[in-house]
There are 2 protein chains.
Amino acid sequence: MARQGFSDQNRSLERGIAILRAFRPGVSELGNAEIAERTGLAKATVSRLTQTLLGVGMLERHPSRRSYRLAPAVLSFAHAMRLGSPILPAIAPLMRQEATRRRVNVGLAAADGDMMVYLESFRYSPRSSFRTVVSGQRVPIELTSLGRAYLWALPEREQRRELGVIAERRSRAWPQLEADIQASFAELEADGFCIVRWQPGVAAVAAPVLLPGLAPHALNMSVASSEPLPRLQRTLGPWLLDLNRRCVAELEASLLPEN
Amino acid sequence: MARQGFSDQNRSLERGIAILRAFRPGVSELGNAEIAERTGLAKATVSRLTQTLLGVGMLERHPSRRSYRLAPAVLSFAHAMRLGSPILPAIAPLMRQEATRRRVNVGLAAADGDMMVYLESFRYSPRSSFRTVVSGQRVPIELTSLGRAYLWALPEREQRRELGVIAERRSRAWPQLEADIQASFAELEADGFCIVRWQPGVAAVAAPVLLPGLAPHALNMSVASSEPLPRLQRTLGPWLLDLNRRCVAELEASLLPEN
DNA sequence: TATTCAATTCCACTGAATGGAATTGGTGGA
DNA sequence: TCCACCAATTCCATTCAGTGGAATTGAATA
């Protein structure tokens, strides 16, 4: 048995991945000491695991020899994941087209723990196609339309569990937050999408994308605008629903050939 | 001591990563049995490791329960890696701009074992900005201008080693291949870039990008064209060198602030 | 040259990981 | 409905791989 809590996990592998996860935007360079501190692992353990990760090409060391960073190999995982997604490749062209046509950002995301991760996001920008690639970017699940659409689409049982986790983590702000989430759920129930402004000057609508037995995804549209939400809701909502409908059609078409 | 060959690696972690690496473009869905076959691991071992990878969010299972795929979490590694790169964020705007201005593809890559991995590639396409994101895509090191520019920039010692590996792996075609590589090296020596046509109808020029103690990267420009190489060389070469020069300047500027 | 801090290596201990074999479970066919 | 088949999982005895505290090495800084 591994340590407290979780079942039957390979400890070394778990720890190795934890080390990789310690690298995040803004934390791109870490020495063994800092990794040990952040992960709570023993120094000796970290030293050995980072050597292994170096050996298998997941980390590279800065010449100073005092620090590691993620190596290019991790990009290949991402590439394989995106190409292999049963959803993204099928609907990416529609998303792109829609971003251009409607002059909005269009994104697709899925969950990783308590965060939503963008599989793709086509950003619209007035000047040319300035495209900050944000595949892999993470946004909090409980504060975003993306995350709430995902939560809403979850089977009862898992939804409860997720909400429980969030409630615990944000115990302070939970009462208000729960109300907000429930309001979004009500929107989703009524309209098929929800709208949230989680950063000033940005509003986003999102709707779930479901495939037979696949983890729920969420599709969103966002704009930089301070217009009142109800107004935005009336324009963005129908656009999103329309796009979503066409995506679902595309997915059904792309699914038949296989199996 | 771990098994034959390599030093002092954590076996479980090594194996776990090997499992992740089994997923590649075109191999997006794997069951335990197939993973066991591809990696040479025992069935029981694979079963346990995939469970762990599932637990830490690196894999997800298809509802059929018969197969795994890479989970969205791997995208976050890629995102963190790209943002944390000491090179990419600094020169990406220049690369983009140049792709548009010159109407060519502009890419940046680094090595992973015997492959080059694109950190970014701005694709130029006549119709709008049709952008197949190829960050993470892999191309063979020995056949591409990208790879040869990288090899050329390598310290003597490591260059030898790499060439040795390639020679062994491609023993059949080695004599011709070595000649080609040496020709590219000569071009790099003389002009600062090399030009290769490794797929019919596509030609690419590449040059190394070096930073003080960082692993060499390579910058390339490519076009879909069947014009004779010498002609292309005379147009693409100067463009690339110019871009490269501006990138180096940008990098020096972006490096001073730190440290 | 001396000092300091991080990384690595050493070492004895042990329980975590292993793989062959048995079991479970789900799927398709009769 | 039941059976046969194949993959996945679990069991279990074995042992060696992984662990962490302590000592050592090594590299920067003053």
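So that the names make sense, note that chain A is the first sequence line, chain B the second, and so on, each numbered from 1. What you are looking at is a predicted structure, and each value in this text was computed from that prediction instead of being measured.
Distance B:Leu30 CG to D:dA8 C1': 15 Å, rounded to the nearest Å. Between B:Ile35 atom CD1 and D:dA7 atom P there is a gap of 14 Å when expressed in whole angstrom units. Separating the CZ atom of A:Arg48 from the P atom of C:dC11 is a distance of 14 Å, rounded to the nearest angstrom. Residue A:Glu14 contributes atom CD, which lies 9 Å from atom P of C:dA17 at whole-angstrom precision. Nucleotide C:dG19 holds its P atom 7 Å from the CG atom of B:Leu41, rounded to whole Å. Taking atom CD1 of residue B:Ile19 and atom P of nucleotide D:dA8, one finds them 12 Å apart after rounding to whole Å. Nucleotide C:dA16 holds its C1' atom 14 Å from the CG atom of A:Leu49, rounded to whole Å.
Candidate nucleotides C:dA7, D:dA7, D:dT9 were compared by shortest atom distance to the side chain of A:Ala33, and C:dA7 ranks first. For B:Gln51, the listed nucleotide lying nearest its side chain is D:dT9; candidates were D:dG20, D:dT9, D:dA17. Nearest nucleotide to the side chain of B:Tyr68, out of C:dA16, D:dT9, D:dT10: D:dT9. Listed nucleotides: C:dT18, D:dT9, C:dT8. Nearest to the side chain of A:Lys43: C:dT8. For B:Ser47, whose side chain is taken as the heavy atoms from C-beta onward, the closest listed nucleotide among C:dT18, D:dT10, D:dG18 is D:dT10.
A donor and an acceptor atom never sit less than 3.5 Å apart when one is taken from the side chain of A:Arg15 and the other from the base of D:dG18. Below the 3.5 angstrom threshold, one finds no donor paired with an acceptor across the side chain of A:Arg11 and the base of C:dG15.
Toward the 5' end of DNA chain C, the nearer of the two residues A:Ala44 and A:Ser12, judged by each one's closest nucleotide, is A:Ala44.
Distance check: A:Gln182 CD to A:Glu189 CD gives 10.5 Å after rounding to the nearest 0.5 Å. Separation of atoms OH (B:Tyr118) and CZ (B:Arg138) is listed at 13.5 Å; rounding is to 0.5 Å.
A close approach under 4.0 Å does occur between a side-chain nitrogen or oxygen of A:Asn32 and OP1 or OP2 of C:dT8. Phosphate proximity of D:dA7 to B:Arg61: absent, as no side-chain N or O sits under 4.0 Å from OP1 or OP2. When the side-chain nitrogen and oxygen atoms of A:Asn10 are compared with OP1 and OP2 of C:dT18, one or more of them lie within a distance under 4.0 Å.
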Mark up nucleotides 25-30 of chain D, 5' to 3', with B wherever a protein heavy atom is under 4.0 angstrom from a base atom, S wherever such an atom reaches only the sugar-phosphate, and - elsewhere.
-> -B----
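Each salt bridge (Lys or Arg N to Asp or Glu O under 4.0 Å) pair with one or both residues in residues 35-61 of chain A, not counting sequence neighbours, appears once here: A:Glu34-A:Arg38.
Taking A:Arg169 as the reference, A:Asp114, A:Glu142 meet the salt bridge (Lys or Arg N to Asp or Glu O under 4.0 Å) condition, with sequence neighbours excluded.
Scanning both residues, A:Leu214 and A:Pro86, for their nearest heavy atoms gives CD2-CG, 3.3 Å.
At most 12 non-hydrogen atoms from other residues, nucleotides or ligands lie less than 6.0 angstrom from CZ of A:Arg160.
Looking only at atom types and distance, the side chain of B:Glu120 has no donor-acceptor partner in the side chain of B:Ser135 under 3.5 Å away.
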